[in-house]
Amino acid sequence: MAPEQSTILNVNERETARYYASMTLSRAGFRVLEAGSGADTLRIAQQLLPDLVVLDVHLPDLDGHAVCRMLKGDERTSSIAILQTSADYLGVSSKVLGLDSGADGYLAQPFEPAELVATVRALLRARAAERIAVEAQRKSEQALRQRDEFLGMASHELRSPASTIQLQIQTLLRRMKAEGSIPTEVLQRKLELLHGAAQSLTGLLNNLLDLTSLQDGRLLLHTEEIDLAVVAHQVAERYAEPAAKVGSEVRVHAPAPVAGRWDRTRMEQVVTNLLGNALKYASGAPVEISVLPWQRNSAQLVVRDYGPGIAPEHQARIFQRYERGADTRPAGLGLGLWIVQGILEAAGGSISVQSELLSGSSFTVLLPRQTP
């Protein structure tokens, strides 16, 4: 912010010192207001909202540190930069006390005019940069909300025709099989490709709907008594053919029932997303799913692949919206793991990843047996 656009409130109970600082700031091009007490400082700051306050520690009614805390604690004045000054500089402890009270800078008196002006300008530049960053963040968040709202509405409208296409293809394949008619190899292949494409489209649209539900806190869980081991076996069976097409095998280790009260559909979605993610990066190696009891009243689900692994700097990022691993060749919106994490949080559970480059990744889910 340029000096001619900036208003400085100069606070000091000593008239001589106040006059000296005000003249220095005026000559540098600032508009200067004055106050000689803590009460006047608070009143002027709240009414006129200066860009910066040069605040002396010693005031006749209120301690300067207290005034600083009040200004920073008031929503109306919290963004005003504060340069605290003192004629009784006692070392680092004085400066620490001033900065701890919320001041943005500290000067010991007496100071040179150039030092005061340079410090004020530096604080104003920092505050201007901060405001720009806050505004950019606000606009970014607003744009993201608008995008997600559009995606939610669009996916809701598109899910019905996508499901109709998928259903019609399934019906056609079943009818051809029941009637004993044998389609040509080319027709059979095209129908299978259409069916797979319709399934993928439906999955993407469902992910977008889950995105809006999770953001709005509207993800409802319908719990019932289910066996997580059975869910894992069922999902693995559905993925047997897709896994074979990429040269992988899905192995399930669930030696005993692991029962709990969970939302069956959402638990299937958790296993499906983790397994689908693992197969993308399996590189022809097997993918392992294990379901075991964990401690006294919890369950553990682990999905392990032997693919390229995830670098340490990417391991937290992959659970964020629209994020994927470093290898972005597999198609997708980057919502799968974020949705899994949201479902698990709603169910009182958690997910973590352990991975090393060239050694694969293990995603570990911990779930209480009873959904909160």
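Basis for what follows: all heavy atoms, side chains included, without hydrogens, waters or symmetry-related copies.
- Proximity of R14 to Q109: side-chain heavy atoms (C-beta onward) are separated by under 4.5 Å at one or more points.
- Residue E356 places its CD atom among 12 or fewer non-hydrogen atoms of other residues, nucleotides or ligands, all under 6.0 Å distant.
- Proximity of L337 to F363: side-chain heavy atoms (C-beta onward) are separated by under 4.5 Å at one or more points.
- In this structure, a donor-acceptor pair under 3.5 Å is absent between the side chains of S298 and Q300.
- Remark: the T7 side chain and the R31 side chain contain an N/O donor-acceptor pair separated by less than 3.5 Å.
- At most 12 non-hydrogen atoms from other residues, nucleotides or ligands lie less than 6.0 angstrom from CD of E237.
- Residues Y306 and E288 bring a donor and an acceptor atom of their side chains to less than 3.5 Å of each other.
- Few gaps surround CD on E225; more than 12 heavy atoms of other groups in view lie less than 6.0 Å from it.
- Between the side chain of D305 and the main chain of G360, no donor-acceptor pair closer than 3.5 Å is present.
- Put simply, the side chain of V32 does not reach to within 4.5 Å of the side chain of L9, judged on heavy atoms.
- More than 12 heavy atoms of other residues, nucleotides or ligands shown are found within 6.0 angstrom of CD on E313.
- Distance alone, capped at 3.5 Å, is enough to place a donor-acceptor pair between the R127 side chain and the S79 backbone.
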